[in-house]
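Only a predicted model underlies this, so the values are computations on that prediction, with no experimental measurement involved. Residue numbering restarts at 1 for every chain, and letters A, B, ... go by the order of the sequence lines.
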Amino acid sequence: MPTLDPRLSTTLVDLNEPQRRAVTHRDGPLLVLAGPGSGKTRVITRRAAYLVQTGVPPHNVLAITFTNKAADEMRRRIDALGVSRGMWVHTFHALGVRLLREFGPLARVQAGFSIYDEADQLRVVKEAMALCGVNESLVRPEAAQSAIGAAKNRLESPAEYVERAEFFDTQVIARVYEAYEQLLEQRNAVDFDDLLMRVALVLRAHPEIVERLNIRFRYVLIDEYQDTNHAQYVIAHYLAQHHRNICATGDPDQSIYAWRGADLNNILDFERDYPDAVVVRLEQNYRSTGRILQVASALIAGNRRRKHKDLWTENAAGEPAEVWRFSEGQAEAEEIGGTIVRLHAAGRPYSDVAVFYRVNALSRGLEEALRARGIPYKIARGVAFYNRKEIRDTLAYLRVSVNPADEVALRRIINTPPRGIGSATVGRLLAAAERSRRPLLEVLRDPIEQAALKTAGKKVRAFVELLDRIQAATTGTVAQAVSATLTLSGLEAALEKERDDGGEDRLANVRELVTAAQRYDQEAEAPSLADFLNRVALVSDQDAVDESAGVVMLMTLHAAKGLEFPIVFIVGLEQGLLPHENALRERGDIEEERRLCFVGITRARERIILSHAAQRVIRGVPTPRAPSQFLRELDPAATVVHSFERALADGRVLGAASNRVRAEAPDADGFVPLDDHLPPEESRRRSRRKTRWSRDEFADREDLEIIAAAAEVGAASSPYGAWKPGTFVRHDVYGVGQVVWIRPGGGQTRAAIQFAGCGEKTFILELAPIQKLERR
DNA sequence: TGGAGCGTAATTTTT
DNA sequence: TTACGCTCCA
């Protein structure tokens with residue numbers, strides 16, 4: 001019996017009963033179902049501390065999260081409890097990198113491997129398609145990319161994928177997948193999915209490695225278990241195989257990554273996988289007011305695939321949730337901006353406020369409104385920095401010097417900045433590489449090839465010499481390597497010139513990269529250029545959320561998970577946006593959209609405002625919008641509706657259906673004429689009044705449906721009413737085809753057309769050069 | 001070779 | 001609205 005750690009009482013203090021049970025559970029599988037705001041992070045960190053304080057060496061504990069930010073946060077909090085030394089706290093992907101570094105050869109990767117992000121990956125997919133002779137109009141490269149990613153999540157090799165491929169296009173993709181894998185191998189590169197897949201496959205094939213890892217990691221904690229995909233599930237399974245000390249925490253109601261392969265069944269079936277599992281439910285919420293919780297609970301009750309929880313709180317009931325309705329999307333942004341100004345004037349720090357949206361495109365209007373009012377804000381977009389051209393260019397140089405086989409990076413920098421090696425020369429070199437089956441860089445170095453190129457050959461030689469000089473300069477600290485690369489490559493000079501010519505100051509951005517490298521040099525345990533590059537590759541948007549920045553935060557609903565703010569706005573609660581159009585389609589998942597909305601609402605501590613507009617400018621086109629079906633699913637007893645609609649010049653009121661007495665026929669534009677017997681002033685006054693939704697009123701209130709109907713009529717009255725599946729059409733480029741399906745929505749009409757020569761393609765009819773063929 | 005200019009297509013969420 | 005790819009011209 002180990003002596004009890006004196007710190008143990010601190011570890012267990014201020015925990016409620018279920019929390020304490022979860023923290024002090026020692027051996028065997030444990031499932032913690034943690035509702036929003038129920039102190040889940042606290043439980044995980046305390047549990048890690050508890051294990052250590054009761055005698056488990058820290059290096060025997062492995063904690064896995066999904067985001068770097070969560071990992072850092074957990075490490076920090078465990079640190080604060082004084083026990084983190086030697087403990088492994090990683091994201092699944094970072095764990096993948098570390099393990100691949102250890103047993104890489106078993107997974108067909110060599111030291112210094114590159115990690116390809118989505119953009120790199122797409123390049124390789126395109127290359128693979130070209131290699132297979134697959135035309136990009138036959139299979140969209142993005143489609144192939146996501147099919148390959150999905151296959152990897154299922155741990156399917158190209159050969160296994162082929163077996164399942166029934167249809168022509170999947171057979172094509174199977175060939176592309178195979179070529180893609182070969183290209184990655186030649187380049188000593190892995191993509192994001194490989195970081196999981198290859199680890200999972202190694203574990204499956206090598207019991208001795210599993211054994212070794214099981215000895216090393218006696219306790220495994222996995223956070224956000226509801227977001228694990230099949231590959232992650234398999235990894236978790238093997239990591240806990242012998243000792244079965246797996247602690248999974250999560251909440252099925254907050255699973256929002258099914259589109260990326262997350263399998264809700266992993267958490268729903270945990271008790272089947274581990275029949276002896278102890279299950280702890282954390283249902284007491286410490287975050288939100290009673291009404292916020294009430295509204296959220298009513299909403300999520302609409303889902304079938306879940307584990308029931310009774311969320312409750314001792315917090316005050318608070319204010320009702322608010323639904324704000326606008327006639328136009330811009331008014332929504334303006335009103336939110338104005339409200340934030342007033343809140344701030346009343347003493348609220350900006351950081352008390354966050355605005356969430358379903359799609360990034362919605363941030364623009366908000367940004368403009370905030371900027372116009374001088375409200376400081378930040379958008380949670382971590383990758384934005386690393387996606388800048390100048391940053392990617394710099395990193396490409398570094399990648400080549402760590403991994404000379406990295407052809408994607410090599411091709412990126414071969415003529416950046418311009419050095420007279422144009423596409424014709426590159427084309428010749430690539431052909432030579434393919435002919436002689438040698439890596440591109442080897443061909444570049446070949447004096448014979450250089451000579452064959454005549455004048456360009458000299459430039460190629462200068463380029464490889466440059467690469468050698470850069471490689472020689474990358475031996476010191478990472479920061480030194482980065483700045484030497486900038487100077488030697490000529491990037492610095494090029495950017496300087498661009499700035500002096502009055503262009504953007506992109507030099508400042510690459511200087512920031514040097515700063516980031518300096519920070520890394522100081523913080524990393526064993527800094528190396530390769531590790532720095534790996535780390536940079538795994539940066540995500542979520543990591544950029546800085547709640548302590550003192551500014552209003554703007555982010556997608558996905559990025560909002562795990563955060564909390566006193567005042568939360570969720571904008572664009574409209575059909576097609578939330579739930580998103582894709583989810584409304586045949587195989588879409590409405591429940592996931594509902595969870596997304598649930599996640600958003602439960603971020604709020606004091607006040608939640610859900611807004612929608614009857615019309616919104618999308619891609620420059622004013623589009624009628626119907627309110628989200630989720631608005632109808634909120635608990636009306638805890639909800640209040642506030643209309644900000646305004647009459648138009650001609651007296652019509654967009655979206656002000658709340659003033660209606662009975663439904664009227666929509667006019668030709670698809671808008672319901674409202675209150676046109678009232679003078680505009682009266683109409684405006686009425687539409688501004690605050691309405692409280694009583695249950696009855698809510699029940700037979702038609703307004704939402706009416707607006708929805710108006711939107712639909714708007715779409716149906718489009719010139720494509722007569723287009724049906726089977727209708728023959730002619731496209732200026734693809735020729736004659738036949739409509740497969742047609743769907744109005746969001747002011748645009750989408751249709752899939754099957755063409756004789758080149759397969760099925762989807763169009764926005766309003767924009768595509770396409771006509772109906774008339775029967776004659 | 002490389003830049004400018006044009007047309008076309010696309011837009012969900014991200015480790 | 002923007003991004004990308006393609007063609008054309010200096």
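When rounded to the nearest whole Å, the span between OH of A/Tyr233 and P of B/dT15 equals 25 Å. Taking atom CG of residue A/Asp589 and atom C1' of nucleotide B/dT12, one finds them 14 Å apart after rounding to whole Å. A/Asn153 has its CG atom 12 Å from the C1' atom of B/dT14, to the nearest Å. In this structure, the OH atom of A/Tyr357 is 16 Å from the P atom of B/dT12, given to the nearest Å. Taking atom CD of A/Gln232 as the reference point, atom P of B/dT15 lies 12 Å away to the nearest angstrom. The CG-P distance, from A/Asn582 to B/dT14, rounds to 14 Å in whole Å. Separating the CD atom of A/Glu142 from the C1' atom of B/dA9 is a distance of 10 Å, rounded to the nearest angstrom. A/Leu584 places its CG atom 13 Å from the P atom of B/dT12, with the value rounded to the nearest Å.
Checked against B/dT11, B/dT15, B/dT14, the side chain of A/Thr556 finds its nearest nucleotide in B/dT14. The side chain of A/Ala424 lies closest to B/dT1, out of C/dG5, B/dT15, B/dT1. Side-chain proximity of A/Thr425 to B/dG2, B/dT12, B/dT1: nearest is B/dT1. Comparing C/dG5, C/dT2, B/dT14 against the side chain of A/Arg364 picks out C/dT2 as the nearest. Residue A/Asn415 places its side chain closer to B/dG2 than to any other of B/dG2, B/dT15, B/dT13. Nearest to the side-chain atoms of A/His580 among the listed nucleotides B/dT15, B/dT12, B/dT14 stands B/dT12. The side chain of A/Tyr257 lies closest to B/dT14 when the candidates are B/dT14, B/dT15, B/dG2. Comparing B/dT14, B/dT12, B/dT15 by their closest approach to the side chain of A/His93 singles out B/dT15. Side-chain proximity of A/Arg358 to B/dT15, B/dT12, B/dG3: nearest is B/dT12. Closest contact between the side chain of A/Ala559 and the listed nucleotides C/dG5, B/dT14, B/dT15 involves B/dT14.
Within 4.0 Å (heavy atoms only), A/Lys459 reaches no atom of the nucleic acid at all. Within the nucleic acid shown, A/Glu592 has no heavy atom closer than 4.0 Å to any nucleic acid atom. Residue-level contact check: A/Phe66 touches the backbone only, with heavy atoms under 4.0 Å from sugar-phosphate atoms and none from bases. At a threshold of 4.0 angstrom between heavy atoms, the contacts of A/Ser423 with the nucleic acid are absent.
The residues A/Glu368 and A/Arg371 are annotated as not salt-bridged, no charged nitrogen and carboxylate oxygen being separated by less than 4.0 angstrom. A salt bridge does not link A/Glu574 to A/Arg358: none of the charged nitrogens lies less than 4.0 Å from a carboxylate oxygen. A salt bridge is absent between A/Glu332 and A/Arg625; no separation between the charged side-chain nitrogens and carboxylate oxygens falls under 4.0 Å.
Mapping A/Leu596 and A/Arg419 onto DNA chain B by nearest heavy atom places A/Arg419 closer to the 5' end of the strand. Summary of the strand contacts: A/Gly420 and A/Thr65 both lie near DNA chain B, and taking for each the nucleotide with the nearest heavy atom, the more 5' one is attributed to A/Gly420.
B/dT13 and C/dC4: their C1' atoms are spaced 22 Å apart (whole Å).
A/Lys389 contributes atom NZ, which lies 8.0 Å from atom CG of A/Leu495 (distance to the nearest 0.5 angstrom).
Residue A/Arg595 has no polar side-chain atom (N or O) positioned under 4.0 Å from OP1 or OP2 of B/dT13. When the side-chain nitrogen and oxygen atoms of A/Lys389 are compared with OP1 and OP2 of C/dC4, none of them lie within a distance under 4.0 Å.
Aromatic stacking of A/His558 on B/dT14: not satisfied for centres closer than 5.5 Å together with planes under 30 degrees. Here A/Trp259 packs flat against the base of B/dT13; its ring centre is closer than 5.5 angstrom to the base's six-membered ring, tilted by less than 30 degrees.
Of the possible donor and acceptor atoms, one in the side chain of A/Arg603 sits under 3.5 Å from a partner among the backbone N and O of A/Leu563.
Considering only heavy atoms from C-beta on, A/Leu538 comes within 4.5 Å of A/Phe192 through its side chain. In this structure the side chain of A/Asp263 never reaches within 4.5 angstrom of the side chain of A/His230, judged on heavy atoms.
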